[in-house]
4 protein chains.
Amino acid sequence: MPKNTDRRTRILDAAEELFAVDGFDATPTARVADAADVPKGLVFYYFPRKIDLLLTLLQERLPTPSKASVADVVRRGDPAASLLAMHRRLGLEDHDSLVLRTIIFRESGTHPEVRDHLRKLRRSLVELTETALEQAAEWTVAKKLRRQAAETFVSVMLDHANARRAGGALPDVQGAAAVVALAIGAPTPA
Amino acid sequence: MPKNTDRRTRILDAAEELFAVDGFDATPTARVADAADVPKGLVFYYFPRKIDLLLTLLQERLPTPSKASVADVVRRGDPAASLLAMHRRLGLEDHDSLVLRTIIFRESGTHPEVRDHLRKLRRSLVELTETALEQAAEWTVAKKLRRQAAETFVSVMLDHANARRAGGALPDVQGAAAVVALAIGAPTPA
Amino acid sequence: MPKNTDRRTRILDAAEELFAVDGFDATPTARVADAADVPKGLVFYYFPRKIDLLLTLLQERLPTPSKASVADVVRRGDPAASLLAMHRRLGLEDHDSLVLRTIIFRESGTHPEVRDHLRKLRRSLVELTETALEQAAEWTVAKKLRRQAAETFVSVMLDHANARRAGGALPDVQGAAAVVALAIGAPTPA
Amino acid sequence: MPKNTDRRTRILDAAEELFAVDGFDATPTARVADAADVPKGLVFYYFPRKIDLLLTLLQERLPTPSKASVADVVRRGDPAASLLAMHRRLGLEDHDSLVLRTIIFRESGTHPEVRDHLRKLRRSLVELTETALEQAAEWTVAKKLRRQAAETFVSVMLDHANARRAGGALPDVQGAAAVVALAIGAPTPA
DNA sequence: AATGAATGAGAATTCATTCAT
DNA sequence: CATGAATGAATTCTCATTCAT
């Protein structure tokens, strides 16, 4: 509950946007201040070191996807559709998450403080996907296979988020959902 | 062609190493020169702009994986093993490729010149994987499914390369290979 | 006179301590406020400019050593012991004086406002020492020699105060007392 | 034997002057560059960190007073005159030494790297003065007394150097020389 | 009377790039 | 060809000081 939500928030908004587009290192704090329309000094008033901008962004704005938020998009009997819906939900429930994940990826190699967030994100995504698969499959799936399927799909989602910023061709998430569904024994789609 | 191959090469070697570890932006040309044990001026003599170092690295050192190089690792009847072998081969045939891919990922968002390489890499990887799947499967696989399966596996490989540098938990490539194999109809492994 | 003596005093206490340890220029007012546990604004409420902190410190806290305070430490017939006792008394009668002298030395070069205090301090110390020597010597000492002896000893005391903060080896005040005593004709110590 | 003596030297000259007058902390590197009439970047080319300017100054320019240099100013039989001559020689043989000592004093409290220099300076001055006293006195002086006398005079010299920059009244070096001479048994001057 | 958010003028430092030799 | 001295624009960060409340 930060006070002065107005300006502090505007700074974070600007940083989020710029970091995602240009990268953390390539974004001068001065540009953040400009974009937020606040004086340069104010950025450092709220975030003493530049890295604090990034850290705060991750701490305050990176939502840990909750199982609850996914449960209701699962379509029993249709794992492929369920995965797709989950993916859409994860990416859509707030525009932030994608942007922030984008940042995590790029910076985690260079900024060790950011790594934990990436680790956590992957782990929680895997768990989430496992749950989704579990609920969607009306038949029994071996635990190990389910985990492998979940990890596969998570890789695709992350690669997708990554490719989006990298500007390359986007991987085919829908295709991957179908592949994974088949792998765990879903009936061949008509 | 270039004379003094020695020193030019040493510069590229150093750049490759440093860019991979610290990132392109965070690596001063002076450090490249130091690491290569050449005078600072020589770096700019060979590579007038810093970005040329990166571009040259991609042009000269990023191998387009060849179908031929993969053909002989395919094990007919065992797509999972084939994919895994291919992945290993891709990663091993030269240590460089991984390092360079790492770079591509990080920089392609910020340096547009790098994007094409990423695009090309993904495309050729997908083709390669498709070929591998085609050769490995003794049964018929629908073209579309094969493509989707290939793309899925490529995502996992790229995510793997990416996660390695990001320092997070590595995705389970072996599991993904199994999942993809199942999806295209491989018999359940004993 | 000042109300809220409490907080104003705490600010001065903190400033005195920090200025002595880190130097005036290197001590941000914010640190003073922190150390004093008062809001930052209050420092400027009481001391509109930073330099006022220093000036106030000198005006309110730098005691002009009084002849009276020294008279009773003089041991007639033993100038060396008297000087030493005086030195001890000057340093002990309040911990502040040393700290503040330390500050004067460092800042007087840079902050002209501080110079006068240093001048005054030296003069009053010389007078004091002269008095001490006069009272301690049971024999006649030429006025000029007494003055020179006093100045010599004052130099040693100041150098001592200075060296203490500078961290160097401390000059031998006791030895100097002996030397000065001899110079004005004290009998060679047994 | 630094090359490009010209500009590097000019930078050191400027730094020496400014540091002595305004203090190290209060002198921006930009002012040094201006005074030396070189671009700002060149200062950091030669002296990567600001403190290196100071350290280099001490290492390259602070002469350790040599016994030889003093031997020939000693006047046998007249310790007072000898000390005075020594003092003059120390201060005059180059204007630098005084300036640099001035700097040492001010900064040694705040910059630990500078302390050693101060320690060394004091020690070598004491040794020098002892030698001077030994050579000047035609009579026997107890070793301990000689040491105390030397230390006393060194304190006065240092206090003198210090007072000069602090702007206060200068201590009477001549008087101190007389006092010290008397203390070690010199005949009362006519 | 008291405060803490706000500001902007520097400060040190970095570095790609140039260029005289 | 090769080089390392030189440059200055850009960047992060600091802090005394102001002022609305």
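Residue numbers begin at 1 in each chain, while the letters A, B, ... track the order of the sequences.
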Atom-pair distance (CZ on C:Phe47; P on E:dA2), nearest Å: 13 Å
Assert: residue with more 5' nearest nucleotide on DNA chain E, out of D:Ile51 and B:Ile51, is D:Ile51
Rounded to whole Å, how long is the line connecting atom CG of D:Leu53 with atom C1' of E:dT13? 13 Å
Regarding the side chain of D:Arg49, the nearest nucleotide among F:dT17, F:dT12, E:dT13 is E:dT13
Nucleotide paired to F:dT21 in any strand shown, Watson-Crick or G-U, under 3.5 Å: E:dA2
Measure CG/C:Asp37 against C1'/E:dT3 and give the value in whole Å, please. 14 Å
What's the closest nucleotide to the B:Leu42 side chain, out of F:dA2, E:dA12, E:dA16? F:dA2
Check every atom of F:dT7, F:dA2, E:dA2 against the side chain of C:Tyr46 and return the nucleotide holding the closest atom. E:dA2
On DNA chain F, check which nucleotide each of B:Phe44 and C:Phe44 is closest to and give me the residue with the more 5' one. B:Phe44
Can you tell whether the side chains of B:Asp13 and B:Arg10 come within less than 4.0 Å, N to carboxylate O? no
Taking for C:Phe24 and for D:Pro39 the nucleotide of DNA chain F with the nearest heavy atom, the one nearer the 5' end belongs to D:Pro39
What's the separation between atom OH in C:Tyr46 and atom CG in C:Leu12, rounded to the nearest 0.5 Å? 10.5 Å
Rounded to whole Å, the CG-P distance (A:Asp34 to F:dT11) equals 11 Å
To the nearest Å, give me how far apart CZ (D:Arg31) and C1' (E:dA12) are. 15 Å
Residues C:Ile51, C:Leu55; criterion side chain to side chain contact (heavy atoms under 4.5 Å, CB included); working and verdict: CA-CA 6 Å; C:Ile51 190 79; C:Leu55 263 20; 4.0 Å; yes
Between D:Tyr45 and F:dA6, does any side-chain N or O lie under 4.0 Å from OP1 or OP2? no
Atom NZ of D:Lys50 and atom P of E:dT14: how far apart are they, to the nearest Å? 15 Å
When rounded to the nearest 0.5 Å, the distance separating CD of B:Glu16 from OG1 of B:Thr27 is 12.5 Å
So does C:Arg7 get a side-chain nitrogen or oxygen closer than 4.0 Å to the phosphate oxygens (OP1/OP2) of E:dT3? yes
Is the phosphate of E:dA6 approached by A:Arg8 (side-chain N or O, under 4.0 Å from OP1 or OP2)? no
Closest to the C:Pro28 side chain: F:dT3, F:dA16, E:dA16? F:dA16
Using the closest heavy atom to pick a nucleotide of DNA chain E for each, name whichever of C:Gly41 or D:Gly41 lands nearer the 5' end. C:Gly41
Salt-bridge criterion met for A:Asp52 and A:Arg49 (N-O under 4.0 Å): yes
Integer-rounded Å distance: E:dT14 P and A:Asp25 CG: 15 Å
So does D:Lys50 pair up with D:Asp25, basic N to acidic O under 4.0 Å? no
Counting only side-chain nitrogens and oxygens, does C:Thr29 get under 4.0 Å of the OP1 or OP2 atom of F:dA16? yes
Check whether any side-chain N or O of D:Lys40 sits under 4.0 Å from OP1 or OP2 of F:dG8, and answer yes or no. no
